[in-house]
Amino acid sequence: MAKDKKKENPVPEDEQDKSGDTPGQTAPEPAECSAAQEPQAPPADEPPQDSQAQLLAEAADKYLRLAAEYDNYRKRTAKEKESAWSEAKAQTVAAFLPVYDNLERAMKQETADEAYKKGVELTMKGFQDALASLGVELIPALGETFDPNRHNAVMHVDDGEAGENTVVEVFQQGFICGEKVIRFSMVKVAN
């Protein structure tokens, strides 16, 4: 009888133990094996390759935009810093211009005291040097063509000798710092 059992089960008992089958289990059907070996779709939380390339392109685009935005911010703040400095300098110089006007009037007055006259001239020279060191210049006016961007015409006169739109008299000197007009020249213009 033992011979009959061996013929019915041609696989040796040692190999049955290796396969991991227990006596009550049957081997999987061939159809089940082929279904298990078919390629499966990627898991739901892992995007396909096209989507990854698109995400990478979007991230690169965001990075470039952020870099450009930062560069613009850096340039804008540098300009604002420069303009704030120029504006502060212009306001400070404008506060001292009445002193310049008074020194100019004092120099035009006749005096018998030469020491006094020399003192006013030296004070005016020092004041002009201080303005020049800040980059502040006088706006040329007398004999120049009227420029509404630099001159303020308070009077017009008919003068045949002077050319048309020529400044014939300066009432108050104007000042400029770079391209910023601190104070316009107050002038009389010939028609």
Side-chain angles (χ1 to χ4, degrees), residues 39-108 118-157 162-191:
Q40 296 179 353
D45 53 332
E46 193 175 305
Q49 291 295 334
D50 291 341
S51 175
Q52 287 179 348
Q54 183 181 5
L55 288 174
L56 182 62
E58 287 176 6
D61 184 53
K62 284 181 183 178
Y63 171 75
L64 290 175
R65 288 179 188 273
L66 182 65
E69 203 171 300
Y70 174 72
D71 190 44
N72 290 341
Y73 166 77
R74 186 179 49 79
K75 289 176 183 176
R76 185 177 63 245
T77 54
K79 275 185 185 177
E80 288 172 357
K81 182 179 176 184
E82 180 63 31
S83 71
W85 167 250
S86 297
E87 188 63 33
K89 184 167 51 171
Q91 288 177 357
T92 303
V93 169
F96 285 100
L97 291 182
V99 176
Y100 179 90
D101 295 336
N102 289 336
L103 286 172
E104 194 173 47
R105 285 185 203 105
M107 286 177 55
K108 290 179 182 177
K118 183 75 171 171
V120 171
E121 288 174 355
L122 287 175
T123 304
M124 179 60 120
K125 172 105 173 76
F127 195 78
Q128 288 173 337
D129 290 344
L131 291 175
S133 70
L134 291 172
V136 178
E137 301 171 357
L138 294 172
I139 295 175
L142 190 60
E144 298 285 323
T145 302
F146 175 73
D147 181 3
N149 296 320
R150 294 177 177 224
H151 304 131
N152 181 16
V154 294
M155 291 181 72
H156 289 276
V157 65
E164 189 174 337
N165 285 335
T166 302
V167 175
V168 291
E169 188 177 350
V170 179
F171 298 116
Q172 190 177 48
Q173 187 62 52
F175 294 88
I176 191 167
C177 182
E179 292 298 315
K180 180 166 181 57
V181 175
I182 297 172
R183 181 173 78 182
F184 291 88
S185 295
M186 193 180 303
V187 297
K188 181 194 293 186
V189 181
N191 286 339

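- Under the 4.5 Å side-chain criterion, counting only non-hydrogen atoms from C-beta, L134 is in contact with K89.
- Scanning both residues, V168 and V157, for their nearest heavy atoms gives CG2-CG1, 3.8 Å.
- Here K118 contributes atom NZ and K125 contributes atom NZ; the two are 11.0 Å apart, rounded to the nearest 0.5 Å.
- Listed here is the closest heavy atom pair of S185 and G174: OG-N, 3.0 Å.
- A distance of 15.0 Å separates CZ in F127 from CG in L122, rounded to the nearest 0.5 Å.
- At a threshold of 4.5 Å between non-hydrogen side-chain atoms, the residues V93 and L131 count as touching.
- Using modelled atom types, one finds a donor on one side chain and an acceptor on the other under 3.5 Å when comparing D101 with Q172.
- Looking only at side-chain heavy atoms (C-beta outward), L103 and T123 come within less than 4.5 Å of each other.
- Separating the CD atom in E69 from the NZ atom in K62 is a distance of 13.0 Å, to the nearest 0.5 Å.
- Closest approach of N191 to H156, counting heavy atoms only: OD1-ND1, 3.2 Å.
- With salt bridges taken as basic N to acidic carboxylate O contacts below 4.0 Å, none links E144 and R150.
- To the nearest 0.5 angstrom, N102 atom CG is 9.5 Å from M124 atom CE.
- With values rounded to the nearest 0.5 angstrom, Q128 atom CD is found 8.5 Å from E104 atom CD.
- Under the rule for a side chain to side chain contact (heavy atoms under 4.5 Å, CB included), the partners of L142 that lie at least two apart in sequence or sit in another chain are V170.
- When the options E87, E137, E82 are evaluated for a salt bridge (charged side-chain N to carboxylate O under 4.0 Å, His left out) with K180, the one that passes is E87.
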> Yes or no on side chain to side chain contact (heavy atoms under 4.5 Å, CB included) for F175 and L138, after CA distance, side-chain angles and deciding distance?
Replying inline: CA-CA 5 Å; F175 294 88; L138 294 172; 3.1 Å; yes
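- The CD atom of E80 sits 7.0 Å away from atom OG1 of T77, with the distance rounded to the nearest 0.5 Å.
- Pairs engaging residues 56-98 under the ring pair (Phe, Tyr, Trp, His ring centres under 6.0 Å) rule: none recorded [sequence neighbours left out].
- Residues L97 and I182 come closest through the heavy atom pair CD1-CG2, 4.1 Å.
- When all heavy atoms of S133 and A130 are compared, the closest pair comes out as OG-O, 2.7 Å.
- In terms of heavy atoms, I139 sits closest to R183 at CD1-O, 3.7 Å.
- Remark: E58 engages Q54, L55 in a side chain to side chain contact (heavy atoms under 4.5 Å, CB included) (not counting sequence neighbours).
- By the 30° and 60° cut-offs, the orientation of the rings of H151 relative to F146 is tilted.
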